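From a predicted model like this one, the values you see are computed outputs, not experimental measurements. Nothing fancy with the numbering, it's 1 onward along the sequence.
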Amino acid sequence: CIRIRRMTLVNTRAAFEKAITDAVVAADATVNVVYDNVPYTKPGKTKKYVAMTVNFGQSTIQSQGAASDFYAGFIQCRVYVPKNKGTSVLAAISESVIDGMTSVNAANYTDTFSCKPKVSDVSGPGVVEDEAESHYLGVITCQFSAIA
């Protein structure tokens with residue numbers, strides 16, 4: 001019996017989470033990556049971390065005949081670094097996030113999640129500073145798609 005892996009929302013999310021996490025951890029193993037679909041405790045004031053959100057805006061393409069699976073939406077990564085570390089650390093982590101986002105577009109990317117992930121239109125990091133907060137915040141977003 002041959003088992004065919006079907007594209008799913010879970011596989012699509014996992015493809016992007018793994019690509020971004022692998023790039024961030026490879027660049028700096030001290031950076032924590034937290035996900036919107038997993039309970040977590042906010043890291044402390046001295047920690048560097050990336051909080052990732054995956055939002056689905058489309059689930060099918062309706063061509064002639066039956067609908068085809070086609071997922072699209074956006075990914076948002078919020079990069080937090082302690083203010084005493086400076087914005088150069090924020091920039092370095094942001095570059096690794098962008099590298100992870102775009103790694104799925106590389107010709108040598110191996111699609112182990114059966115979803116053909118792609119990203120486009122990466123924006124950021126838009127830096128947000130709030131005097132009351134202990135961290136600098138950089139926001140990076142991109143559009144994504146995945147097709148069966």
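Criterion: ILVMFWY side-chain heavy atoms under 4.5 Å apart, direct or through other members. Under it, Val127 and Val24 are part of a common hydrophobic cluster. Using a 4.5 Å cut-off between side-chain heavy atoms of Ile, Leu, Val, Met, Phe, Trp and Tyr, with links allowed through other members, Val122 and Val104 fall into the same hydrophobic cluster.
A donor-acceptor contact shorter than 3.5 Å is absent between the side chain of Thr87 and the backbone of Leu90.
In this structure, Glu17 and Asn37 have side chains that are in contact, with non-hydrogen atoms separated by less than 4.5 Å. Here the side chains of Val31 and Val25 are not in contact, with every heavy-atom distance at 4.5 Å or above. Residues Met52 and Thr21 have side chains in contact (heavy-atom distance under 4.5 Å, counting atoms from C-beta outward). By the 4.5 Å heavy-atom criterion applied to side chains, Ile140 and Gln76 are not counted as neighbours. Side-chain contact between Val50 and Asn32 is absent, with no heavy atoms from C-beta onward closer than 4.5 Å. The side-chain heavy atoms of Pro117 and Asp111, taken from C-beta on, include a pair separated by under 4.5 Å. Inter-residue side-chain proximity for Cys77 and Met101 is flagged as met; some heavy-atom pair is nearer than 4.5 Å.
Ile147 and Lys116 get closest at one heavy-atom pair: O-CB, 3.7 Å. Residues Ser96 and Ala27 come closest through the heavy atom pair CB-CB, 3.7 Å. The nearest pair of heavy atoms linking Phe113 to Ala14 is CE2-CB, 3.5 Å. In terms of heavy-atom proximity, Arg78 sits nearest to Leu137 at CB-CD1, 3.6 Å. Taking every heavy atom of both residues into account, Ile98 and Gly124 meet most closely at CD1-O, 4.1 Å.
Here Cys142 contributes atom SG and Ile20 contributes atom CD1; the two are 6.0 Å apart, rounded to the nearest 0.5 Å. Interatomic distance, Asp22 CG to Asp99 CG, rounded to the nearest 0.5 Å: 12.5 Å. Rounding to the nearest 0.5 angstrom, the gap separating the OG atom in Ser123 from the CD atom in Gln143 is 8.0 Å. Expressed to the nearest 0.5 Å, how far OH of Tyr71 lies from CG of Leu9 amounts to 4.0 Å.
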request  = Go through the steps to decide whether Thr141 and Ile75 satisfy the test side chain to side chain contact (heavy atoms under 4.5 Å, CB included), and finish with yes or no.
outcome  = CA-CA 6 Å; Thr141 60; Ile75 299 166; over 6 Å; no

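Inspection of the Thr53 and Tyr35 side chains reveals no N or O donor paired with an N or O acceptor under 3.5 Å.
Sequence neighbours left out, the pairs with a member in residues 123-139 that pass salt bridge (Lys or Arg N to Asp or Glu O under 4.0 Å) are Lys83-Glu129. Counting only residues at least two apart or on different chains, the ring-ring contact (aromatic ring centres under 6.0 Å, His included) pairs with a member in residues 117-148 are Phe16-Phe144, Tyr49-His135, Phe56-Phe144. Residue pairs meeting the salt bridge (Lys or Arg N to Asp or Glu O under 4.0 Å) criterion with at least one partner in residues 36-60, sequence neighbours excluded, are Arg13-Asp36, Asp28-Lys48.
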